[in-house]
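Positions are given from 1 along the sequence.
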Amino acid sequence: MLRHKFLATAALAVAVSFAAPAFAQEDAVVAKVGDMEIHQSELDLAIQNLDPQLQQLPDEQKRVAALSGAIDVKLLAQGAVDEGIDETEDFQKRLDYIKDRELHNAYFRKHVVDAVTEDEVKARYEKEIAALPKQEEVSARHILVKTEEEANDVIKQLDAGEDFAELAKEKSEDSNKSDGGDLGWFTKGRMVPEFEEAAFALEKGEYTKTPVKSQFGYHVITLEDRRDVQPPALEQVEPQVRQLVMREKYLSIIEKAKAEREVEIMDEALRAGYEEVNKAPDADPAAGEAPADQQ
């Protein structure tokens with residue numbers, strides 16, 4: 001499935017890069033180069049395709065940079081026409097390729113980008129959330145001291161009814177002592193193994209009856225609370241979920257198009273490579289998972 005994810009992601013990137021903005025009905029002329037006119041729509045495209053570094057400029061500076069580039073394009077384009085370059089076979093091949101690419105992108109926008117509904121995004125989000133494994137997290141405090149003797153003394157004071165947070169402020173050598181040793185919420189894998197094992201073994205309100213030794217010293221730990229990790233809200237992951245829906249729509253469209261039109265590759269090595277990266281997704285146990293950078 002990774003091969004399909006790669007192809008779909010690449011197609012998404014191309015489509016977004018070349019998607020045309022919505023133009024106003026009145027396409028004003030913003031500049032003239034000889035007899036040639038540069039319209040607002042052309043300037044918008046030039047702004048959209050500026051180098052990433054120039055995209056960081058303030059809006060007015062971006063417009064100036066884009067206009068400068070558009071004028072250069074008009075000047076040299078006319079030079080190419082004067083020399084007949086637009087009539088050459090090589091240019092016509094490039095023009096045909098660009099036309100196909102832009103038609104691909106227009107179709108993509110209509111049937112993928114603009115076709116995704118909020119209900120589809122919500123349904124896919126709920127599907128992903130339902131498939132997430134349960135994970136527990138705990139909220140704990142600790143008191144860190146240098147010696148086992150000091151830790152045992154802290155435990156005795158807790159047994160006598162002393163307040164854990166106040167003892168942490170008084171005796172802990174950790175940087176969070178001013179917060180009463182509060183460590184907040186954490187899941188397994190976040191703390192050193194000895195500390196984690198002891199913390200997750202406690203019941204809510206309990207504290208360790210023996211010191212917990214780690215590379216940092218001796219800890220006395222109390223468990224404040226425990227709960228299942230809460231999944232992110234839809235609002236937090238909506239762009240990633242929308243990308244998943246778009247990828248699935250794109251793959252579905254491509255598979256349907258391939259079923260309707262035969263694809264024949266003459267070069268044997270190219271054919272083998274194409275077939276390898278286009279294996280059916282149902283042959284891959286990872287089918288349906290989100291790409292790593294979208295999870």
Side-chain angles (χ1 to χ4, degrees), residues 1-2 4-5 8-9 116-144 151 154-155 158-159 161-169 172 174-249 281-282 284-295:
M1 187 59 190
L2 291 177
H4 277 70
K5 291 174 182 174
T9 302
V116 175
T117 68
E118 296 306 315
D119 286 344
E120 286 178 311
V121 173
K122 183 178 179 183
R124 183 53 197 262
Y125 165 79
E126 291 172 351
K127 178 182 176 182
E128 291 293 319
I129 293 303
L132 287 175
K134 292 287 186 183
Q135 188 178 21
E136 188 180 43
E137 62 181 351
V138 297
S139 173
R141 294 177 185 269
H142 82 137
I143 298 170
L144 175 65
V154 167
I155 292 170
L158 290 171
D159 289 341
E162 294 287 339
D163 180 75
F164 195 99
E166 292 304 316
L167 279 176
K169 292 177 182 179
S172 183
D174 197 7
S175 58
N176 69 350
K177 62 182 297 181
S178 61
D179 296 324
D182 188 12
L183 295 167
W185 292 95
F186 56 92
T187 56
K188 288 184 177 179
R190 295 279 303 279
M191 302 295 182
V192 292
E194 307 92 333
F195 188 100
E196 177 183 288
E197 182 179 355
F200 275 85
L202 292 169
E203 294 296 329
K204 181 178 176 179
E206 286 185 341
Y207 55 87
T208 49
K209 299 300 183 179
T210 57
V212 178
K213 187 178 186 303
S214 78
Q215 65 199 69
F216 303 105
Y218 290 86
H219 309 263
V220 179
I221 308 165
T222 185
L223 187 72
E224 299 275 280
D225 205 353
R226 64 198 317 143
R227 67 186 182 189
D228 288 335
V229 175
Q230 299 301 302
L234 173 58
E235 293 73 20
Q236 294 177 275
V237 294
E238 194 273 345
Q240 295 93 321
V241 177
R242 184 173 294 271
Q243 285 288 319
L244 288 177
V245 177
M246 287 169 60
R247 175 171 62 81
E248 289 174 349
K249 279 186 178 292
D282 57 3
D284 192 318
E289 292 181 0
D293 62 346
Q294 297 180 0
Q295 288 181 344

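Closest of all the heavy-atom pairs between Thr208 and Ala198 is CG2-CB, 4.2 Å. The two atoms that bring Phe195 and Phe186 nearest to each other are CE2-CZ, 4.1 Å, heavy atoms only.
Inter-residue side-chain proximity for Glu206 and Leu223 is flagged as unmet; no heavy-atom pair is nearer than 4.5 Å. Between Val245 and Tyr125 the shortest side-chain heavy-atom distance does not fall below 4.5 Å. Side-chain atoms of Leu234 and Val121, non-hydrogen and from C-beta on, do get closer than 4.5 Å to each other. Inter-residue side-chain proximity for Thr222 and Leu202 is flagged as unmet; no heavy-atom pair is nearer than 4.5 Å. Counting heavy atoms from C-beta on, the side chains of Val212 and Tyr218 never come closer than 4.5 Å. Proximity of Phe216 to Asp174: side-chain heavy atoms (C-beta onward) are nowhere separated by under 4.5 Å. Counting heavy atoms from C-beta on, the side chains of Glu128 and Leu244 come closer than 4.5 Å.
If you take CD1 on Ile221 and CZ on Arg141, they are separated by 14.0 Å, rounding to the nearest 0.5 Å. Remark: Glu137 CD to Arg226 CZ distance equals 11.0 Å, nearest 0.5 Å.
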Problem set entry | Candidate pair Tyr207 and Ile143, rule side-chain contact (heavy atoms from CB on, under 4.5 Å), full reasoning | CA-CA 11 Å; Tyr207 55 87; Ile143 298 170; over 6 Å; no
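Checked by atom type, the side-chain pair His219/Ser214 shows a donor-acceptor distance below 3.5 Å.
Within the 3.5 Å criterion, the main-chain N or O of Asp228 finds a donor-acceptor partner in the side chain of Gln230.
Lys122 and Glu118 are not joined by a salt bridge, as no carboxylate oxygen comes within less than 4.0 angstrom of a charged side-chain nitrogen.
Listed by first and then second residue, the side chain to side chain donor-acceptor pair (under 3.5 Å) pairs involving residues 176-199 amount to none (not counting sequence neighbours).
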